[in-house]
2 protein chains.
Amino acid sequence: MASHGVRGRSGGRPTLEEVAARAGVGRGTVSRVINGSPRVSDATRAAVEAAVEELGYVPNTAARALAANRTDAIALVVPEPETRFFAEPYFSDMLKGVGSELSETEMQLLLIFAGSDRERARLAQYLAAHRVDGVLLVSVHADDPLPDLLTQLEIPAVISGPRSAAEPLASVDSDNYGGARSAVEHLLSRGRGRIAHITGHLAVYGAQRRVDGYRDALRDAGHEVDEGLIEPGDFTEEGGRRAMAELLRRHPDVDAVFAASDVTAAGAGQVLREAGRRIPDDVALVGYDDSAIARHMEPPLTSVRQPIEEMGRAMIDLLLAEIADRRPVASRGLGRHQVVLATELVERRSS
Amino acid sequence: MASHGVRGRSGGRPTLEEVAARAGVGRGTVSRVINGSPRVSDATRAAVEAAVEELGYVPNTAARALAANRTDAIALVVPEPETRFFAEPYFSDMLKGVGSELSETEMQLLLIFAGSDRERARLAQYLAAHRVDGVLLVSVHADDPLPDLLTQLEIPAVISGPRSAAEPLASVDSDNYGGARSAVEHLLSRGRGRIAHITGHLAVYGAQRRVDGYRDALRDAGHEVDEGLIEPGDFTEEGGRRAMAELLRRHPDVDAVFAASDVTAAGAGQVLREAGRRIPDDVALVGYDDSAIARHMEPPLTSVRQPIEEMGRAMIDLLLAEIADRRPVASRGLGRHQVVLATELVERRSS
DNA sequence: ATCACTTGTGGGAGCGCTCCCACACTACCT
DNA sequence: AGGTAGTGTGGGAGCGCTCCCACAAGTGAT
């Protein structure tokens, strides 16, 4: 029976109640000050803040989470193994943007890898326990069940790269269509007339939009689109090699190639060189992503850059808005839930 | 599949109490089953498990954290900016080891960067709120206040790379002394007699131990140690260049160099080449870390490899033990709190 | 003077768990 | 017969917050 009377006062960390006693106010008032409510007089606020300072009070997150039913944490879910995460600068930039935007807030960021089946099962459990207020989904494949799981659990989520034009989740993307256009227009302005396109994996919506941009750029410049010059790839280096070989076989007169990714362009470049074509003299080459590989290729690769860091920031903005919105459950307006950011063509010696 | 809505009062997630009602037992019994207590009869356990399944019950982490005063989360604190984190394979390997070991448990891993002052302030706040049960500290500088903060807050912590021989925190390290010895012994066995050492930053304990290993290997082989052949560096490439230039000036007869890191070795290699020395013909070169750069140098660099992934696993093991230990507060035995893992010399063409 | 607001404040009632004490029951001694 | 363990089990008492209702005191219109 003596066990509790002592414990609170002398023992561990100070509680709200102790701060209240010290400041000579009620528990509710301290809570209001801590949470920045405007309905507190200046004098009271000062008294409470002094007590907080003196006692070194730090709110107990668990208690807050339990009472308020929120966690003040969001997760960045990477449906890839750690290895790829570290290999691709995409994630590093994204994380930088997300981190910088989040540092303005009280929110905590969790990084969760869901590459293996086991990790995915763990993630599902984690989400079911509602241990985060929202989720950032990057690099999601079209058939991934994760987005639907999130919808079902009613967890706010933002996806980078919508899965289709009708993506129900809030999303942030770069302007794939415009980026592709700028690449093709650049090649046209350099006097190239037989411009081929090696696509990305066409199950990815962004890859489709790049094809659309390619077609429209040609059409608007008065060229007719030769569908034979569009060769399907899959974003990989090997895919680039295969597609380029096929293009050279069917269309030996090709004088420019726009590849849907830098690594694809790298693969295409190898095949071109092996076939004795000089870059850019015989065939101009343009990639996409402006990754490190673009700068290190020989010759350095012209490429379409996406503002990845900015995309990370935009995702956070959307997600925080979504989380704040979740009170009026009915009013899920289809407002500004899709953000598209402009790309930029970085010209180098390959074109 | 039928989620709930029948028994649940107002549509939220099922609670312990609801599971108890469904299984026809008391709240305490369900808690015991959930937490794997052995003091439950098989029949009761089965009934509870069935109810959990039917209701799709998932424990509320916040409530658990509040009642039990633990979070089931640990943090991996990286006192570096994100950029370096991604640049160095060290962290990637470490994270892999940590993640794999942790996936056996219910623990959640948080990745926290504390490169800037602002991030550090945030981290301090975070730790003061006791939002994690323990902390993994990697790549800590000797004068970092973080370890002491953790001690003061009584948060279990494990450090990679002790700050001194008297490191009070539990620590995991690779055998810097033995690694250095093996490098020097290898050079001796290749018939080299004038072996120089470019050190790491000597404020780092591990760098000192490598110097010790260098000295003892020579001494034990019957050579006398020429202190002039020990040139201070700082783990960087530029430091390697500077130190090598100095060595060549003072000791033109040097026929082997053991550098405290691969990048240092790379810097030294440049200077050697510029001075017209061939590697390994005129001067043999050995690095430390066995990083990607070692494989990509010309000629490929012999290097001492540290088992980083395994170090990550060992850190988790130590930390979990420390966390489990914290109940008998008095019995802070100075048991096996220091783990040292063996290194391995990877021989390549530079020696 | 009354009424109707507004502003600031105190504190009760939970949130969903874990901990632990009390209480059956059983089994096996004396 | 009574004692003395040991095993399962139920449920009270919190953990430290937020939410919200009640209420005092002030302000202005009637």
Side-chain angles (χ1 to χ4, degrees), chain A residues 1-9 11-48 51-52 55 57-72 106 128-131 133 327, chain B residues 8-48 51-52 55 57-72 106 128-131 133 327:
Chain A
M1 49 184 70
S3 56
H4 55 15
V6 191
R7 207 171 180 278
R9 228 130 298 243
R13 301 156 49 197
T15 69
L16 247 205
E17 198 99 35
E18 284 163 30
V19 174
R22 175 93 176 206
V25 301
R27 190 163 25 79
T29 300
V30 177
S31 177
R32 258 164 247 137
V33 172
I34 299 292
N35 294 290
S37 158
R39 320 184 79 62
V40 181
S41 71
D42 290 347
T44 307
R45 179 183 310 279
V48 170
V52 165
L55 262 37
Y57 171 75
V58 179
N60 180 318
T61 335
R64 176 178 284 179
L66 177 59
N69 196 31
R70 61 190 163 80
T71 64
D72 289 332
E106 296 274 81
H130 284 261
R131 292 186 63 172
D133 292 341
R327 308 192 175 278
Chain B
R9 310 134 307 139
S10 49
R13 297 159 50 197
T15 69
L16 247 205
E17 198 99 35
E18 284 163 30
V19 174
R22 176 92 174 206
V25 301
R27 191 165 24 79
T29 301
V30 177
S31 177
R32 257 164 247 138
V33 172
I34 299 293
N35 293 291
S37 157
R39 318 182 81 62
V40 181
S41 72
D42 290 348
T44 307
R45 179 184 309 279
V48 170
V52 165
L55 262 36
Y57 171 76
V58 179
N60 180 319
T61 335
R64 175 177 284 179
L66 178 59
N69 196 31
R70 59 190 163 82
T71 64
D72 288 332
E106 297 272 82
H130 283 261
R131 293 186 62 170
D133 292 341
R327 309 193 176 279

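Bear in mind that the values here come from a model prediction, so they are computed numbers and not experimental data. Letters A, B, ... are given to chains in the order of the sequence lines, protein chains preceding strands, and every chain is numbered from 1.
Comparing atom distances between the B/Thr15 side chain and each of C/dG16, D/dG16, D/dG8 picks out C/dG16 as nearest. Picking from C/dT18, C/dG10, C/dT9 the nucleotide with the shortest atom distance to the side chain of B/Ala67 gives C/dT18. Side-chain proximity of B/Arg32 to D/dG10, C/dG8, C/dG16: nearest is D/dG10. Each of D/dG10, C/dT18, C/dG8 was ranked by its minimum atom distance to the side chain of B/Ala68; first place goes to C/dT18. For A/Thr29, the side-chain atoms get nearest to C/dG10 when compared with the rest of C/dG10, C/dT18, D/dC17. Comparing D/dT9, D/dC17, C/dG16 by their closest approach to the side chain of A/Leu66 singles out C/dG16.
Between the side chain of A/Arg45 and the base of C/dG8, no donor-acceptor pair of N or O atoms lies under 3.5 Å.
As a whole-Å value, the separation of A/Arg27 CZ from C/dA13 P is 11 Å. Rounded to whole Å, atom P of D/dG16 lies 18 Å from atom CZ of B/Arg64. Atom NE2 in B/His130 sits about 17 Å away from atom P in D/dC15, given to the nearest Å. A/Asn35 places its CG atom 10 Å from the P atom of D/dC17, with the value rounded to the nearest Å. Between A/Leu16 atom CG and C/dG12 atom P the separation is 15 Å, expressed in whole Å. In this structure, B/Arg70 places its CZ atom 7 Å from P of C/dT18, rounding to the nearest Å.
Remark: side-chain polar atoms of A/Asn35 are not paired, donor with acceptor, to backbone N or O of A/Ser37 under 3.5 angstrom. For the pair B/Asp133 (side chain) and B/Arg70 (backbone), a donor-acceptor distance under 3.5 Å is absent.
Residue contacts shown for A/Thr61 are absent, as no nucleic acid heavy atom lies under 4.0 Å away.
Distances shorter than 4.0 Å separate none of the side-chain N or O atoms of A/Ser41 from OP1 or OP2 on C/dG8. Contact check, B/Asn69 against C/dT18: no side-chain N or O comes under 4.0 Å of OP1 or OP2. OP1 or OP2 of C/dT7 lies within a sub-4.0 Å distance of a side-chain N or O belonging to A/Arg39.
Both B/Ala63 and B/Val25 lie near DNA chain D, and the one whose nearest nucleotide falls closer to the 5' end is B/Val25. Annotation: of the two residues near DNA chain C, B/Asn60 and B/Gly28, the 5′-most nearest-nucleotide partner is B/Asn60.
Under the 4.5 Å side-chain criterion, counting only non-hydrogen atoms from C-beta, B/Val48 is not in contact with B/Val40. Within the 4.5 Å cutoff, side-chain heavy atoms of A/Asp72 are placed close to those of A/Arg64.
Once rounded to the nearest 0.5 Å, the distance linking CG of A/Leu66 with CG of B/Asn60 reads 6.0 Å.
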